[in-house]
Peer 1: 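The structure's right below; bear with me while I get my questions together.
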Amino acid sequence: MKSEEFTLEAGAEKLKCTLAAPAKVPPNPSSGLLLNISATVQYALRDPAQNHPTGPFLAAGHHVLSFDLPCHGERVGSHGESLLGMGRAFLAGDDPFAQFVADGKAALDACLERGIGHSGKIVAYGISRAGYCLLRLAAADARVRAVAALSPVTDWGIPEEFSRSCPRTHTWPLLLDHWAEALGKTAVYLSVGSQDDVVGTEACVRFAMKLLGQQRRLLPKDTQLSQLHVVDSPGHSPALASRLEATRFLLQSCTA
């Protein structure tokens with residue numbers, strides 16, 4: 001995999017991005033761009049246990065873009081790391097999710113400046129916390145035409161690690177249901193285990209039904225834009241079948 005790193009300004013932060021390019025396919029203005037987000041770039045692009053869409057997208061001639069989440073990897077600051085750090089940051093008024101939206105917009109701008117993404121085939125893939133962040137980005141930036149969110153957080157009052165630093169009473173403004181209307185024209189693949197107590201199966205289904213209802217009102221009759229899969233996958237980690245199916249969903253969005 002050949003890749004380049006570049007740094008840009010996203011709000012008040014410096015953001016380091018990694019852009020992977022297809023090795024054997026010549027540049028094609030009609031190719032797409034996958035925004036693949038995990039906790040860190042290393043997981044998203046290079047960890048075989050996490051990077052399932054990276055290889056198929058590169059093999060199909062698309063680019064893959066990634067960067068670390070706020071409070072993860074090289075972006076751990078004064079609030080601490082991981083979900084505890086994100087919770088502390090939000091409670092302190094330093095919203096990591098608003099920062100991620102700024103990150104995503106700036107990163108997509110940078111790709112477009114490089115001639116990547118002009119086809120409009122820009123899609124995103126993320127699990128758990130990354131799934132939530134990418135849905136927030138898609139709600140704020142219509143350039144993201146499809147999102148695959150596996151085992152996504154939809155209610156930040158549920159994950160125990162986040163609530164240890166940010167009480168549930170403060171998480172209502174983060175409820176993903178608030179952005180269902182803004183996602184009305186986005187193709188969304190949602191998958192969650194039937195007994196996922198980490199992010200809450202019921203919360204994910206509730207958000208999905210609100211999104212699907214909104215799309216039914218907005219789109220032509222019988223248009224099927226998004227999908228919800230409640231799967232027999234124990235615990236919080238998505239099964240391999242779900243990861244591969246989500247990848248296929250996004251690849252199809254890049255051929256439409």
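Since this is a predicted model, take the numbers as computed values, not measurements. Every heavy atom of this structure was used, including side-chain atoms; hydrogens, water molecules and symmetry mates were not.
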Peer 1: State whether a side-chain donor-acceptor pair under 3.5 Å links S194 with D232.
Peer 2: no
Peer 1: What distance do H62 atom NE2 and L33 atom CG have between them, rounded to the nearest 0.5 Å?
Peer 2: 10.0 Å
Peer 1: So, the side chain of S151 versus the backbone of V192: is there a donor-acceptor pair under 3.5 Å, distance only?
Peer 2: no
Peer 1: Is there a donor-acceptor contact under 3.5 Å linking the side chains of D103 and Q99?
Peer 2: yes
Peer 1: Over 60° means perpendicular and under 30° means parallel, so classify the ring planes of F249 and Y189, tilted if in between.
Peer 2: tilted
Peer 1: Just how far is it from atom SG of C17 to atom CD of E5, taken to the nearest 0.5 Å?
Peer 2: 9.5 Å
Peer 1: Could you grab the distance from atom NZ of K14 to atom OG1 of T7, nearest 0.5 Å is fine?
Peer 2: 8.0 Å
Peer 1: Just do the side-chain hydrogen bond (donor to acceptor under 3.5 Å, both in side chains) check on T223 and Q215 with the steps written out, would you?
Peer 2: CA-CA 9 Å; T223 300; Q215 293 187 340; over 6 Å; no
Peer 1: Is it true that S128 and H236 share a donor-acceptor pair across their side chains at a distance under 3.5 Å?
Peer 2: yes
Peer 1: Determine the minimum heavy-atom distance between T54 and A44, stating which atoms define it.
Peer 2: OG1-O, 2.9 Å
Peer 1: Within the supplied structure, the quantity of interest is the number of heavy atoms (other residues, nucleotides, ligands) at a distance under 6.0 Å from E9 CD; does it exceed 12?
Peer 2: no
Peer 1: With no hydrogens and no angle check, is any side-chain donor or acceptor of K121 less than 3.5 Å from a backbone partner on C254?
Peer 2: yes
Peer 1: Could you go through L108 and V144, starting from their C-alpha distance and side-chain angles, then the distance that decides it, and tell me whether this counts as side chain to side chain contact (heavy atoms under 4.5 Å, CB included)?
Peer 2: CA-CA 9 Å; L108 292 181; V144 181; 3.9 Å; yes
Peer 1: Using the side chain to side chain contact (heavy atoms under 4.5 Å, CB included) rule, take H72 and M86 through it: C-alpha gap first, then chi angles, then the decisive distance, then the call.
Peer 2: CA-CA 9 Å; H72 291 73; M86 294 179 92; 3.5 Å; yes
Peer 1: Just one of L176, T154, T186 clears the side chain to side chain contact (heavy atoms under 4.5 Å, CB included) bar with L135, so which one?
Peer 2: L176
Peer 1: Hey, mind stepping through I158 and V153 against side chain to side chain contact (heavy atoms under 4.5 Å, CB included) and telling me if it holds?
Peer 2: CA-CA 8 Å; I158 296 175; V153 179; over 6 Å; no
Peer 1: Is the F67 to F6 ring centre distance short of 6.0 Å?
Peer 2: no
Peer 1: R143 vs D109, test: side chain to side chain contact (heavy atoms under 4.5 Å, CB included). Steps then yes/no.
Peer 2: CA-CA 10 Å; R143 292 178 296 184; D109 287 345; 2.7 Å; yes
Peer 1: Could you measure the distance from the CZ atom of R243 to the NE2 atom of H52? Nearest 0.5 Å is fine.
Peer 2: 5.5 Å
Peer 1: With a cut-off of 6.0 Å (strictly less than), are more than 12 heavy atoms of other residues, nucleotides or ligands near CZ of R248?
Peer 2: yes
Peer 1: With a cut-off of under 6.0 Å to the ring centre and 45° to the axis, is R129 in cation-pi contact with F97?
Peer 2: no
Peer 1: Is the Y132 to W156 ring centre distance short of 6.0 Å?
Peer 2: yes
Peer 1: Tell me whether the count of non-hydrogen atoms from other residues, nucleotides or ligands lying under 6.0 Å of CD in E4 goes above 12.
Peer 2: yes
Peer 1: Counting N and O atoms only, with roles assigned by atom type, does the side chain of D68 sit under 3.5 Å from a partner on the main chain of V41, one being a donor and the other an acceptor?
Peer 2: yes
Peer 1: How long is the span from the CG atom in L91 to the OG atom in S165, to the nearest 0.5 Å?
Peer 2: 7.5 Å
Peer 1: Can you tell me if R145 uses its side chain to pair, donor with acceptor, with the backbone of I122 under 3.5 Å?
Peer 2: no
